[in-house]
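Reminder, nothing fancy here: chain letters follow the sequence lines and each chain counts from 1.
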Amino acid sequence: MYAQLVDTGAKRLKTLEEMSPEERAFQEKIDADIKIEPKNWMPEGYRRTLIRQISQHAHSEIVGMLPEKNWLTRAPNFKRKLQLLAKIQDEGGHGLYLYSAMETLGADRDEEVAKLHSGEVKYSSIFNYPALSWADMGTIGWLVDGAAIVNQVVLQRTSYGPYSRAMIRICKEESFHQRQGYQILLDMMRNGNEEQKAMVQDSINRFWWPALMMFGPHDSDSPNTAQSMAWKIKRMTNDDLRQRFIDQTVPQLEYLGCTAPDPDLKWNEERGHYDFGEIDWKEFYDVVKGNGPCNRDRLRTRRKAIEEGSWVREAASAYAAKQKQKNAAA
Amino acid sequence: MNQNQALFEYLLRLGDSDMVLAQRLCELVGKAPALEEEMAIGNVALDLIGQARSWLEYAAELEDAGRSADDLAFTRDERAYRNLLLVEQDNGNFADTMARQFLFDLWHYHLLSALSQSSDERIVAIAAKGLKEVTYHLRRSGNWIKRLGDGTEESHAKMQEAIDEIWTYAGEMFIADEVDSLLADAGIAPDLNALQQKWQSDLTTTLEEATLACPPMDAFMQTGSKQGMHTEQLGYLLAEMQFLPRSFPGASW
């Protein structure tokens, strides 16, 4: 769930009567759970919303490699180093895969990446928090990938065919990452010394709330949800997804022998769900606006890579053109 | 020095070079000039870490002193490391990274080809598996040498400078010491002169295609890694890589 606050451009839902014949046929297809494919007609708002959502998701995969890279060079043994690098590689692969899905909508990867670098479009707020200890490699896998999976499992049923198929593939790998992450923490809690156990708890304390923020604002503050749900780009609301994540995660937290930094977290028999405290929304919006601990660093790193690589890409194009010329002459 | 001691030493050299180069490549995550290159660099690093692990596992078994492959990689000090000076050099710009990679890959490819014929079965198994991976590494880095060498004026100049700058670290891999000679005599490791001839011949061909000048083969070459005498860069690399095991001795992760 690497997409937050995706704007649909719609102020309110149109009724079937208000729709043009094309729009109506489109909506009826959606309502009948028939997937929309790249060559099918689609409303401009649907297309633009999807580009925003998929590109934000792709950018999140790419930026999400950076906090893990911070510990890749300090991974403690062969096994963990190989696992972490493989995970980072998977994320790069997801990014590429999602950019391709986005390009089926007529968007251009370079243009969308330029929008990321100018700050015009966002990536998930979670990656603006720093990875400060090795335990964070476990927590990110468990909580961050875990939160992403809750959203993405639902998105496997999203209405746009290429996005839905990307989600099916990505979910398989993310589930693997989540288990690996949890195992890192479990090993530290079971076999670690006191310092290592404290490292795990500290990591959970830092990532708990930001992970809950990944699902985005309350439904009451999500003006775009209704349209995204009608188009089946989104399949569940932010609050429902968040509740589902908490309900799944708390037993895992207890099994670990750790606690959440939320005194209000407790099982509610009547609701059949966990109750939990109020998220600090000011922090969420501060981070979204660019004031998280790592926003500047993350964007600077991405921009620098692309800027410093421009001569390399130019060389590759020049070489390819020369080869083409040679082959034509031969 | 008996054959087992020589073999242990030799395995450290193989494993350490793979590991140190992989560590340098890990530093590049998030910094590649394109997403596709990001993936390629990571794949090469993954292969090299896997190979390092295989060599060091064998070394640890041979040593039989209660040290694991992890202990060898993550607790040995700079002076005990046996990687080539070439691979510990900084990433520099993309041309520097690729010059280092290509000179190493070309050596690595011919070395693993030869080791696939070793009289030591365990070495044959590790080398044969690694050779498949390194064949791809070499094709990729060779392609980049040509792209950058025969790309734009700017990339040509950068590529030439990169080759010239790193050249002094390229000779060491062909200078045999007692370990090399002893293992060559036993049919375990290849003769370095033969290896050098193949390396030079392929190198000349690629550089020519890349419109790059090959620095003189008789230039002064830095040595020392076989005795654990490194450049100043290795210490920082190891300090980072070994941070956790050294900060929390005996902890399991």
Side-chain angles (χ1 to χ4, degrees), chain A residues 58 62-63 65-66 68-82 84-86 88-90 92-93 95-96 99 109 113 133-134 137-138 184 187-188 190-193 195-196 199 298 301-302 304-323, chain B residues 19 22-39 41-43 45-46 49-50 52-53 56-57 68-71 73-74 93-95 98 143-144 146-156 158-159 210 237 239-245 247-248 250-253:
Chain A
I62 303 307
V63 176
M65 295 161 80
L66 301 177
E68 291 174 324
K69 187 255 160 163
N70 195 39
W71 282 91
L72 173 63
T73 49
R74 289 179 286 176
N77 55 40
F78 276 112
K79 179 180 157 190
R80 297 299 183 204
K81 205 175 180 80
L82 285 164
L84 186 57
L85 181 50
I88 293 173
Q89 289 291 93
D90 284 347
L96 279 173
Y99 282 128
R109 197 219 289 189
V113 169
S133 78
W134 172 254
M137 296 304 99
I184 287 177
D187 285 352
M188 286 172 79
R190 293 273 159 90
N191 310 317
N193 58 34
E195 277 174 295
Q196 288 174 293
M199 213 184 265
R298 301 287 186 242
T301 302
R302 288 312 309 149
K304 198 166 170 227
I306 296 305
E307 281 164 14
E308 287 184 357
S310 69
W311 69 271
V312 176
R313 297 190 301 277
E314 280 162 24
S317 308
Y319 179 79
K322 283 186 201 175
Q323 290 304 107
Chain B
M19 193 63 180
Q23 179 72 4
R24 281 286 181 234
L25 296 178
C26 286
E27 293 170 6
L28 289 172
V29 168
K31 296 180 178 173
L35 200 44
E36 285 76 1
E37 277 317 297
E38 190 87 44
M39 302 297 289
I41 289 169
N43 283 334
L46 267 177
I49 298 171
R53 188 189 205 178
L56 294 182
E57 274 170 355
S68 65
D70 281 329
D71 294 332
F74 292 90
N93 64 31
F94 194 69
M98 279 304 148
N143 279 338
W144 272 115
K146 289 182 231 166
R147 281 195 194 118
L148 297 180
D150 194 18
T152 61
E153 215 172 294
E154 181 186 9
S155 72
H156 176 86
K158 283 196 160 92
M159 196 63 244
L237 180 147
E240 184 174 354
M241 188 174 96
Q242 299 177 336
F243 163 69
L244 283 170
S247 304
F248 303 90
S252 78
W253 303 92

Modelled atom types, side-chain donor and acceptor of B/K146 and A/Q323, under 3.5 Å: no
Distance-only donor-acceptor check, side chains A/T73 and B/E240, under 3.5 Å: yes
Which value, rounded to the nearest 0.5 Å, describes the distance between B/E154 atom CD and A/S310 atom OG? 7.0 Å
Which atoms of B/A52 come close to chain A, meaning under 4.5 Å heavy atom to heavy atom: side chain ones, backbone ones, both, or neither? both
Closest contact, heavy atoms only, B/L46 versus A/A86: CD2-N, 4.1 Å
Heavy-atom pairs under 4.5 Å with chain A: which of B/S68, B/G250, B/A32, B/A73 has the most? B/A32
Which bit of A/R313 is near chain B, if near means a heavy-atom gap under 4.5 Å: side chain, backbone, both or neither? side chain
So for B/M159, is it side chain, backbone, both, or neither that comes closer than 4.5 Å to the heavy atoms of chain A? neither
Side-chain donor/acceptor of A/R80 to backbone N/O of B/W253, under 3.5 Å: yes
For A/N77, side-chain hydrogen bond (donor to acceptor under 3.5 Å, both in side chains) partners two or more places apart: none
Under 3.5 Å, side chain of B/E38 to main-chain N/O of A/I62, donor-acceptor pair present? no
Applying a strict 4.5 Å limit to non-hydrogen atoms, the region of A/L96 in contact with chain B is both
Which heavy atom of B/L148 sits nearest a heavy atom of A/A315, and at what distance? CD2-CB, 3.8 Å
Do A/Q89 and B/N43 get their side chains close enough for a donor-acceptor pair, meaning under 3.5 Å? yes
Most heavy-atom pairs under 4.5 Å with chain B, out of A/A305, A/G309, A/S317, belong to A/A305
Taking all non-hydrogen atoms of both residues into account, name the closest pair between B/C26 and A/K81 and its distance. SG-CE, 4.4 Å
Segment of B/L56 engaging chain A (4.5 angstrom heavy-atom cut-off): side chain
Bottom line for A/A75: the part with an atom under 4.5 Å from chain B's heavy atoms is backbone
Applying salt bridge (charged side-chain N to carboxylate O under 4.0 Å, His left out), name anything that partners A/K322, two or more places apart in sequence or on another chain. B/D150
Do the side chains of A/W71 and B/L244 get nearer than 4.5 Å, heavy atoms only? yes
Testing the basics here: between A/I306 and B/P33, what is the closest heavy-atom pair and its distance to 0.1 Å? CD1-O, 4.1 Å
Counting only heavy atoms closer than 4.5 Å, note whether A/M137 contacts chain B via side chain, backbone, both or neither. neither
Is there a side-chain contact between A/D187 and B/S252 in this structure, where contact means two heavy atoms from C-beta onward sitting under 4.5 Å apart? no
Against chain A, label B/F94 side chain, backbone, both or neither, depending on which of its atoms sit under 4.5 Å from a heavy atom there. both
Proximity breakdown for B/A45 and chain A, heavy-atom pairs closer than 4.5 Å: both
Grab the two heavy atoms, one from A/P76 and one from B/P245, that are nearest each other, plus how far apart they are. O-CG, 3.4 Å
Out of A/E308, A/M199, A/K304, which one racks up the most heavy-atom pairs below 4.5 Å with chain B? A/M199
For A/R109 and B/L35, run side-chain contact (heavy atoms from CB on, under 4.5 Å): C-alpha distance rounded to whole Å, both residues' side-chain angles, the deciding distance at 0.1 Å, then the answer. CA-CA 11 Å; A/R109 197 219 289 189; B/L35 200 44; 3.6 Å; yes
Side-chain donor or acceptor of B/D70 paired with backbone N/O of A/F78 under 3.5 Å: yes
Is B/K31 paired with A/E307 through a side-chain N to carboxylate O contact shorter than 4.0 Å? no
Among A/E195, A/E68, A/M65, the residue with the most heavy-atom pairs under 4.5 Å to chain B is A/E195
Step-by-step salt bridge (Lys or Arg N to Asp or Glu O under 4.0 Å) determination, A/E314 to B/K158: CA-CA 13 Å; A/E314 280 162 24; B/K158 283 196 160 92; over 6 Å; no
Mind checking the CD1-CG spacing from B/I49 to A/L82? Nearest 0.5 Å is all I need. 5.0 Å
Pair count under 4.5 Å, heavy atoms only, with chain A: among B/F248, B/F74, B/W144, highest is B/F74
Top of B/E36, B/Q242, B/M98 for chain A proximity - count of heavy-atom pairs under 4.5 angstrom: B/E36
